[in-house]
Amino acid sequence: PFTYNPLITGLFAKGFLKKVEALQLVMENEGIMPTVVTYNAMIHGLLQSGHVEAARLKFVEMRAMGLLPDVITYNSLLNGYCKAGNLKEALWLLGDLRRAGLAPTILTYNILIDGYCRIGDLEEARRLKEEMVEQGCLPDVCTYTSLMNGSHKVRNLAMAREFFDEMLSKGLQPDCFAYNTRIRAELALGAASKAFQLREVMMLEGISSDTVTYNILIDGLCKTGNLKDAVDLQMKMVSDGLQPDCITYTCLIHAHCERGLLREARKYFNKMVSNRLPPSAVTYTILIHAYCRKGNLYSAYGWFRKMLEQGVEPNEITYNVLIHALCRTGRTQLAYRHFHEMLERGLMPNKYTYTLLIDGNCREGNWADAMRLYFEMHQNGIHPD
RNA sequence: CUCUGUUAACGA
């Protein structure tokens, strides 16, 4: 197991799901018993790649083998459910952890607090923070970073600042993540100058801006209408010795597309490729969207094709963009084809997808299809508005 | 040997 466990972790990190299954068989054949750590590594890997159900099955499997899950097993699964926004299941699991005679750790609390922050339930997040103190776990910089992010989510800048100050008052030293989180909140909630001030503070504290800091600032400038400053900052980033990454370029591509500067956007795309940075699904979706909006479906499909050729998987947003453009131009049948494609890829259409298709069908007078979609949406637990 | 926090895209 000491040889196999790190191997399993490594394979998951590289996204080699099939090889992990193969390795599990090899272990069985050689009579090597998996340990709790083996399962923890597998559960974690499955969750990282979004396979919550498969992870749960591993959890069941390990218990069936007589292995007792430890706090790490629970924390991993808890994190998976929290990330998926399934706090109900997470709470049930927390009960299970306690029933198993285990005590939650600071990570257990941080995971749950982060889960509540992500769904915007700061009341519950706060309550858990108090509970963790009562249980003798002191909130750390990670706890406060989640709380600041949650405050940002509910657009409460004052609250984000309070959490930051409280962190300082507890004698905790904010790290780069904590500063970046606060800076992003300041920028997004209308306090750009405070954001830049904080970057100075951060430097004085001996924490240098990293790529994420720059990306947050560049994106913030783009979104407050300062495209030129954003471009300048990107150049400053390079002169400061930091390499722009895929996200840096994607922010700039998006900003240019929004302003209809598609030529410039393409220039950034080419620059990113020539810097050996592979464009992501987000990058392609932005370009597809820009051409669709312009009414140039031909070019939009050119990008879609390129994306597929490069082996970049389209996601639900990519399909929503295409479906939107097709429905709007009265090509509901073609839109429908994409709808099926997305199901084949295991992507879940959301409320927006259904609405687009229902609207398209209604416009063309296909009431039967529209009604069928409506019921299908209901069956999938999506409530119309 | 395994568990937590920060950045980009659709919005009818």
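Protein chains get the first letters and strands the later ones, always in sequence-line order, with residue 1 at the start of each. A quick note: this is a predicted structure, and the numbers were derived from the prediction, not measured. Atom set for the values below is all heavy atoms of this structure, side chains included, hydrogens, waters and symmetry mates excluded.
Of the candidates B:U6, B:C10, B:C3, the closest approach to any side-chain atom of A:Ile72 belongs to B:C3. Among the nucleotides B:C3, B:A8, B:U2, the one closest to any side-chain atom of A:Asn75 is B:C3. Closest contact between the side chain of A:His254 and the listed nucleotides B:U7, B:A9, B:U6 involves B:A9. Residue A:Val282 has its side chain nearest to B:A9 when only B:A9, B:C3, B:G5 are considered. Ranking B:A9, B:G5, B:A12 by closeness to the A:Asp175 side chain, first place goes to B:G5. With B:U6, B:C3, B:U2 as the candidates, the nucleotide lying closest to the side chain of A:Arg184 is B:U6.
Protein atom OH of A:Tyr214 is 22 Å distant from nucleotide atom P of B:U6, rounded to whole Å. Distance A:Leu68 CG to B:U2 P: 21 Å, rounded to the nearest Å. B:U4 atom P lies 7 Å from atom CD1 of A:Ile111, rounded to whole Å. To the nearest angstrom, P of B:A12 lies 6 Å from OH of A:Tyr352. For A:Leu233 and B:A8, the CG to C1' distance is 15 Å, given to the nearest whole Å. Rounded to an integer number of Å, the gap from A:Glu258 CD to B:A9 P is 9 Å. Straight-line distance from the CE atom of A:Met342 to the P atom of B:C10: 16 Å, rounded to whole Å. Between the CZ atom of A:Phe304 and the P atom of B:A9 there is a distance of 20 Å, rounded to whole Å.
Look at A:Arg363 and you won't find any side-chain N or O under 4.0 angstrom from OP1 or OP2 of B:A12. The phosphate of B:U4 has OP1 or OP2 within less than 4.0 Å of a side-chain N or O from A:His44. Taking 4.0 angstrom as the limit, A:Lys83 places a side-chain polar atom (N or O) nearer than this to OP1 or OP2 of B:G5. Neither OP1 nor OP2 of B:G5 sits under 4.0 Å from any side-chain N or O of A:Lys153.
Counting atom types as modelled, A:Ser146 pairs no side-chain N or O with a base atom of B:G5 as donor and acceptor under 3.5 Å. Side-chain to base pairing of A:Asp140 with B:G5: no donor and acceptor N or O lie closer than 3.5 Å to each other. Between the side chain of A:Ser280 and the base of B:A8 there is at least one donor-acceptor pair of N/O atoms closer than 3.5 Å. Interface remark: the A:Asn315 side chain does form a donor-acceptor pair with the B:A9 base, using a distance-only criterion of under 3.5 Å.
Within 4.0 Å of A:Val141, counting heavy atoms only, lies at least one base atom of the nucleic acid. Across all strands, A:Asp210 comes closer than 4.0 Å to no nucleic acid atom at all (heavy-atom distances). Residue A:Thr285 is classed as a base contact, given a heavy-atom separation below 4.0 Å to a base. As judged by a 4.0 angstrom heavy-atom cut-off over every strand, A:Thr145 is placed among the base-contacting residues. Using a 4.0 Å heavy-atom criterion, one finds that A:Thr355 contacts the bases of the nucleic acid, with or without backbone contacts as well. No contact: A:Arg293 has no heavy atom under 4.0 Å from any strand. Counting non-hydrogen atoms under 4.0 angstrom, A:His289 reaches the backbone sugars and phosphates but no base. Across all strands, A:Asn149 comes closer than 4.0 Å only to sugar-phosphate atoms, never to a base (heavy-atom distances). At the heavy-atom level, A:Val321 lies under 4.0 Å from the strands shown only through sugar-phosphate atoms. Residue contacts shown for A:Asp359 are absent, as no nucleic acid heavy atom lies under 4.0 Å away.
Judged purely by atom type and a 3.5 angstrom limit, A:Asn315 uses its side chain to pair as donor or acceptor with the backbone of A:Ile317.
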Would you write the dot-bracket representation of RNA chain B, where each base gets (, ), [, ], | or . depending on whether it forms a Watson-Crick or G-U pair under 3.5 Å and with which partner?
............
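No option in A:Arg199, A:Arg161, A:Gln197 other than A:Arg161 meets the side-chain contact (heavy atoms from CB on, under 4.5 Å) test with A:Glu186.
Note that the CZ atom of A:Phe177 and the SG atom of A:Cys142 stand 8.0 Å from one another [nearest 0.5 Å].
Between A:His324 and A:Tyr352, the two ring planes are tilted [angle within 30° to 60°].
Put simply, the side chain of A:Ser146 does not reach to within 4.5 Å of the side chain of A:Asn110, judged on heavy atoms. Side-chain contact between A:Glu341 and A:Leu347 is absent, with no heavy-atom pair separated by less than 4.5 Å. Side-chain contact between A:Phe196 and A:Leu221: present, with at least one pair of heavy atoms (C-beta onward) separated by less than 4.5 Å. Put simply, the side chain of A:Met167 reaches to within 4.5 Å of the side chain of A:Met148, judged on heavy atoms.
Considering all non-hydrogen atoms of both residues, A:Val312 and A:Ser280 come closest at CG1-C, 3.9 Å.
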What pairs of donor and acceptor atoms, side-chain ones from residues 375-384 of chain A against any protein atom, are under 3.5 angstrom apart with sequence neighbours left out?
{"residue": "A:His378", "atom": "NE2", "partner": "A:Tyr374", "partner atom": "OH", "Å": "3.3"}
{"residue": "A:Asn380", "atom": "ND2", "partner": "A:Tyr354", "partner atom": "OH", "Å": "2.8"}
{"residue": "A:Asn380", "atom": "ND2", "partner": "A:Glu376", "partner atom": "O", "Å": "3.3"}

